[in-house]
2 protein chains.
Amino acid sequence: MHERFAAKRPATVADVAAAANVSKAAAARALGGYGSVSSAVKLKVLEAARRLDYRPNELARTMATGRSGTIGVIIGDIENPFFGSAVRGLSDCAAQSGFDVILSNSDETIATERAAVAVLLAKRVDGLIVAPATMHDKAHLEDARAQGCPLVLLDREAPGLLVDVAIVNNQEAARDATQLLILADHRRIAYVTATAAADVSYESPEQIALATVRSRITGFLEASTLAGLPEPGRYIRLGANNTATAQAIIADLLSAPDRPTAIVASDSKIALEVFRAAKGLGLAIPRQLSLVAFDDADWTSVVSPAVTVVAQPSYQLGFEAARMLIERIGGTRTEPRRCILATTLIKRESTASPPMRGDF
Amino acid sequence: MHERFAAKRPATVADVAAAANVSKAAAARALGGYGSVSSAVKLKVLEAARRLDYRPNELARTMATGRSGTIGVIIGDIENPFFGSAVRGLSDCAAQSGFDVILSNSDETIATERAAVAVLLAKRVDGLIVAPATMHDKAHLEDARAQGCPLVLLDREAPGLLVDVAIVNNQEAARDATQLLILADHRRIAYVTATAAADVSYESPEQIALATVRSRITGFLEASTLAGLPEPGRYIRLGANNTATAQAIIADLLSAPDRPTAIVASDSKIALEVFRAAKGLGLAIPRQLSLVAFDDADWTSVVSPAVTVVAQPSYQLGFEAARMLIERIGGTRTEPRRCILATTLIKRESTASPPMRGDF
DNA sequence: ACTATAATAGAGACCGGTCTCAATACCAAA
DNA sequence: TTTGGTATTGAGACCGGTCTCTATTATAGT
């Protein structure tokens with residue numbers, strides 16, 4: 001009979017006030033640490049609170065103050081190590097400033113993203129960090145802003161949306177990675193990426209709704225045309241969104257008679273599938289196929305050959321996004337800022353000159 | 001002058017009611033879809049709501065009803081693929097039932113975990129899913145329950161805490177994995193795990209605060225003693241919590257004169273470090289060193305040799321945890337349930353008989 | 001001692017929903 | 001037309017905090 005399974009109603013300020021024989025307002029002040037309270041009252045109240053095991057109802061506080069101490073985060077896919085690390089960074093930063101984080105997965109679909117924004121807005125988060133699934137459909141983001149909810153874009157820009165962004169220079173990164181391959185005499189270079197697309201093959205930039213992917217392809221094409229490669233777009237493949245389709249796309253690419261001699265993989269999951277496909281087809285990396293991948297996933301340095309990667313500062317990206325957001329929440333009303341972090345091209349063992357040099 | 005940057009106060013039921021010329025109560029009923037409203041009033045209200053771009057304040061609703069439609073989740077480390085996948089599973093399940101998820105990282109430290117519980121409770125989540133950092137310190141979990149907040153444990157039990165759990169049979173899984181090595185004639189088998197511990201070496205089960213790890217070590221020892229291995233505990237190593245210390249521990253283990261001929265890695269991150277260390281020391285897997293790892297991380301099937309693993313149904317673990325929790329929230333008051341999912345020992349290429357058979 | 005000023009206490013409105021309850025409107029049956 | 005019953009409506013309390021505003025008390029200054 002020891003109050004087990006009690007589920008007794010938690011104590012409120014009113015309860016504490018009654019127990020301490022002071023007014024609700026006085027108790028609230030003592031508990032909330034605002035206004036002015038005599039030390040005698042404070043003592044009584046704190047003691048009563050302890051006795052009743054009082055815990056403030058954060059919701060009620062939020063209602064009254066308008067501030068929730070929470071930031072909402074919407075990313076594409078938790079299981080992608082890039083986002084895992086970014087979330088880590090942003091949580092760490094948020095925690096430092098006493099904010100906590102509500103996380104939502106958009107599954108890279110705009111409908112889910114829109115719903116998530118609505119939910120988070122309804123929960124009255126103090127700010128929003130979003131990695132938008134598409135750069136086109138941004139009405140929901142715009143009216144978050146219109147409602148006065150600060151917004152920071154993570155990893156992906158949305159042209160025309162005048163908000164803070166934390167990104168890397170994808171175009172430059174892709175250009176450099178491609179140039180590395182070109183310098184090794186590759187002339188048939190593929191770019192495989194995971195973005196929603198009606199068709200697997202590449203027609204024009206407008207086709208691509210993901211800012212990050214579009215920039216990278218621009219960089220890839222830039223390096224390619226600069227080097228005078230013929231039809232540089234012909235080896236671009238979109239839509240490698242999951243293991244199965246990625247595998248199909250890559251296998252198809254590598255079994256063609258004029259198969260590419262090098263592949264740029266747009267993320268570590270795709271790189272993994274390239275590895276798997278090469279193994280399956282008996283293609284030796286880097287002797288018969290060179291590989292450069294985005295994201296320095298932990299396994300890339302351990303496999304043989306170790307994979308040459310474009311390392312992205314994902315943790316910092318998240319951290320900076322949170323930092324900027326919290327600054328905004330603090331009230332700084334300045335021009336939108338673009339926090340552009342540097343990528344690092346880490347040369348390892350997965351690139352070499354193509355077989356049968358000069359052939360194409 | 002087009003209401004840009006307006007941050008205008010969002011419309012409330014009262015606003016809508018006024019605009020529709022009905023009482024606040026009537027508008028609330030029309031909007032909330034409860035009580036009874038004439039279709040005439042309903043129409044007027046909905047129209048007014050549309051015009052004013054009304055969005056319900058979820059917080060106010062929660063305050064009034066006591067239900068938040070949110071479940072709180074506390075895990076050890078987002079960056080661990082195991083948890084990434086579990087979170088995915090539990091989010092998917094929650095979404096199906098219209099719940100959303102607040103996620104917190106405990107960093108595997110009890111203090112952070114306690115703080116996280118407090119925050120989530122204060123935010124009045126409808127239920128809690130926790131992967132407790134330790135099985136000892138469970139007061140915070142107990143009083144979540146005492147406050148009437150349903151609780152489900154994910155992946156890790158806490159003996160004495162009578163709540164639903166979604167786990168695997170770690171003891172059995174570890175026993176089977178160890179036996180696989182024993183059958184291949186290994187007699188010096190190491191177990192490397194990432195749990196907080198004062199000392200790296202193993203003394204007794206009491207030393208280990210993580211339910212999962214303790215069970216696995218029990219299984220490991222069980223198989224070892226059954227096979228009559230001498231001092232089976234001498235190759236157990238604790239505290240491999242991050243890359244650096246894991247690397248140190250493994251290197252130390254493998255450079256000893258009577259080094260183990262096989263290693264069981266308690267998670268994929270450790271397996272990766274074993275891989276790295278073996279490469280560094282010039283030890284060939286599996287010829288000179290066999291490896292079995294927990295968790296079927298994506299890279300394990302791609303590296304050479306592919307790693308033999310104990311695959312855990314992490315997605316389902318998360319999904320089931322959420323399913324049970326939501327059932328509890330629904331009000332079913334039954335005995336605590338233990339949902340025990342099966343692991344799968346996937347034999348690949350990283351195990352073989354030890355070199356110089358018979359030596360020890 | 002007697003005001004001027006500051007510190008503290010209490011009452012009650014407010015945030016934006018839900019929900020109870022009493023009052024009114026509407027309908028069919030008698 | 002009167003009655004009984006149901007559908008709809010509006011007023012206002014409530015959730016648990018914050019916060020403003022007034023009343024009271026304490027402290028200081030001359």
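Here is the naming used below: chain letters follow the sequence lines, and residue numbers restart at 1 for every chain.
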Q: Decide yes or no, distance alone: a donor-acceptor N/O pair under 3.5 angstrom between the base of D:dG10 and the side-chain of B:Arg29.
A: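 Looking at the base of D:dG10, it does pair with a donor or acceptor on the side chain of B:Arg29 (distance under 3.5 Å).
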Q: If you count heavy atoms of other groups shown closer than 6.0 angstrom to NZ of B:Lys42, is the number above 12?
A: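 Open: at most 12 neighbouring heavy atoms sit under 6.0 Å from NZ of B:Lys42.
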Q: Among C:dT18, C:dG17, C:dA9, which nucleotide has an atom closest to any side-chain atom of B:Thr65?
A: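 Closest of the options to the side chain of B:Thr65: C:dT18.
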Q: To the nearest Å, give me how far apart CD (B:Glu58) and P (C:dG17) are.
A: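 Rounded to the whole Å, the gap is 10 Å.
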Q: Can you tell which of C:dG17, D:dG12, D:dG17 lies closest to the side chain of B:Ala25?
A: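 The answer is D:dG12.
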Q: Calculate the interatomic distance between A:Asp15 atom CG and D:dC15 atom P; express it in whole Å.
A: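 Between P of D:dC15 and CG of A:Asp15: 10 Å.
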Q: Can you tell me which nucleotide in D:dC19, C:dT8, C:dT18 comes closest to the side chain of A:Tyr34?
A: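 So the nucleotide nearest the side chain must be D:dC19.
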Q: Any Lys/Arg nitrogen of B:Arg50 or B:Glu47 sitting under 4.0 Å from an Asp/Glu carboxylate oxygen of the other?
A: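 Answer for the salt bridge query: yes.
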Q: Please determine, for the side chain of B:Ala26, which listed nucleotide (D:dG10, C:dG16, D:dG16) has the closest atom?
A: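 The closest nucleotide is D:dG10.
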Q: What is the distance, rounded to the nearest whole Å, between atom CZ of A:Arg67 and atom C1' of C:dC14?
A: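 The answer, rounded to whole Å, is 15 Å.
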Q: Would you mind telling me which of D:dT18, D:dT8, C:dG16 lies closest to the side-chain atoms of B:Ser36?
A: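 Minimum distance to the B:Ser36 side chain belongs to D:dT8.
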Q: Find the distance B:Lys44:NZ to D:dT9:C1' and express it as a whole number of Å.
A: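 In whole Å, D:dT9 C1' lies 11 Å from B:Lys44 NZ.
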Q: Check whether any side-chain N or O of B:Arg114 sits under 3.5 Å from a backbone N or O of B:Thr109 as a donor-acceptor pair, and report yes or no.
A: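 Not confirmed, B:Arg114 side chain does not pair with B:Thr109 backbone.
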Q: Got B:Ile71 and B:Val125 here, is their nearest side-chain heavy-atom distance under 4.5 Å?
A: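 Of all side-chain heavy-atom pairs linking B:Val125 with B:Ile71, none is under 4.5 Å.
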Q: Of all the nucleotides listed (D:dC19, C:dC15, C:dA9), which has the minimum atom distance to the side chain of A:Val37?
A: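 My answer, after comparing the listed nucleotides, is C:dA9.
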Q: Between D:dA11, C:dT8, D:dG17, which one does the side chain of A:Asn57 approach most closely?
A: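 Nearest to the side chain of A:Asn57 among the choices is D:dG17.
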Q: I want to check one thing: is the phosphate of D:dG16, taken as OP1 and OP2, less than 4.0 Å away from some side-chain N or O of A:Thr12?
A: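 No, A:Thr12 has no side-chain N/O under 4.0 Å of OP1/OP2 on D:dG16.
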Q: In terms of side-chain heavy atoms, does A:Ser68 have a donor or acceptor partner in A:Asp126 at a distance below 3.5 Å?
A: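 Yes, because at least one side-chain N or O of A:Ser68 sits under 3.5 Å from a partner of the opposite role on A:Asp126.
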Q: Do A:Lys24 side-chain and D:dG17 base share a donor-acceptor contact under 3.5 Å?
A: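 Yes, the side chain and the base share a sub-3.5 Å donor-acceptor pair.
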Q: Quickly work out the B:Leu59 CG to C:dC15 P distance and round it to whole Å.
A: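 That distance rounds to 15 Å.
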Q: Would you say that B:Glu320 contacts B:Arg323 through its side chain, given a criterion of any heavy-atom pair below 4.5 Å between the two side chains?
A: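 When only atoms from C-beta onward are counted, B:Arg323 and B:Glu320 do touch, with a gap below 4.5 Å.
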Q: May I have the distance from A:Arg61 (atom CZ) to C:dC15 (atom P), rounded to whole angstrom?
A: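 Value for this atom pair: 19 Å.
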Q: What contact category does B:Arg55 fall into here, base, sugar-phosphate, or nothing, at under 4.0 angstrom with non-hydrogen atoms?
A: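 Answer is sugar-phosphate: B:Arg55 comes under 4.0 Å of backbone atoms only.
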Q: Taking only side-chain nitrogens and oxygens of A:Thr62, does any of them come within less than 4.0 Å of OP1 or OP2 of C:dC15?
A: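 For C:dC15, OP1/OP2 do not have a side-chain N/O of A:Thr62 under 4.0 Å.
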Q: Starting the side chain at C-beta, find the nucleotide from C:dG17, D:dC19, C:dC19 nearest to B:Tyr54.
A: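 Within the option list, the nearest is C:dG17.
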Q: By nearest atom, which of the nucleotides D:dG16, D:dT9, D:dC19 is closest to the A:Ala64 side chain?
A: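 From the listed options, D:dG16 comes nearest.
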Q: Rounded to whole Å, please give me the gap between CG in B:Asn21 and P in D:dG10.
A: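 Going from B:Asn21 (CG) to D:dG10 (P), I get 10 Å.
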Q: How do A:Met63 and B:Val22 order along DNA chain D: which one's closest nucleotide is nearer the 5' end?
A: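 In this pair, the answer is B:Val22.
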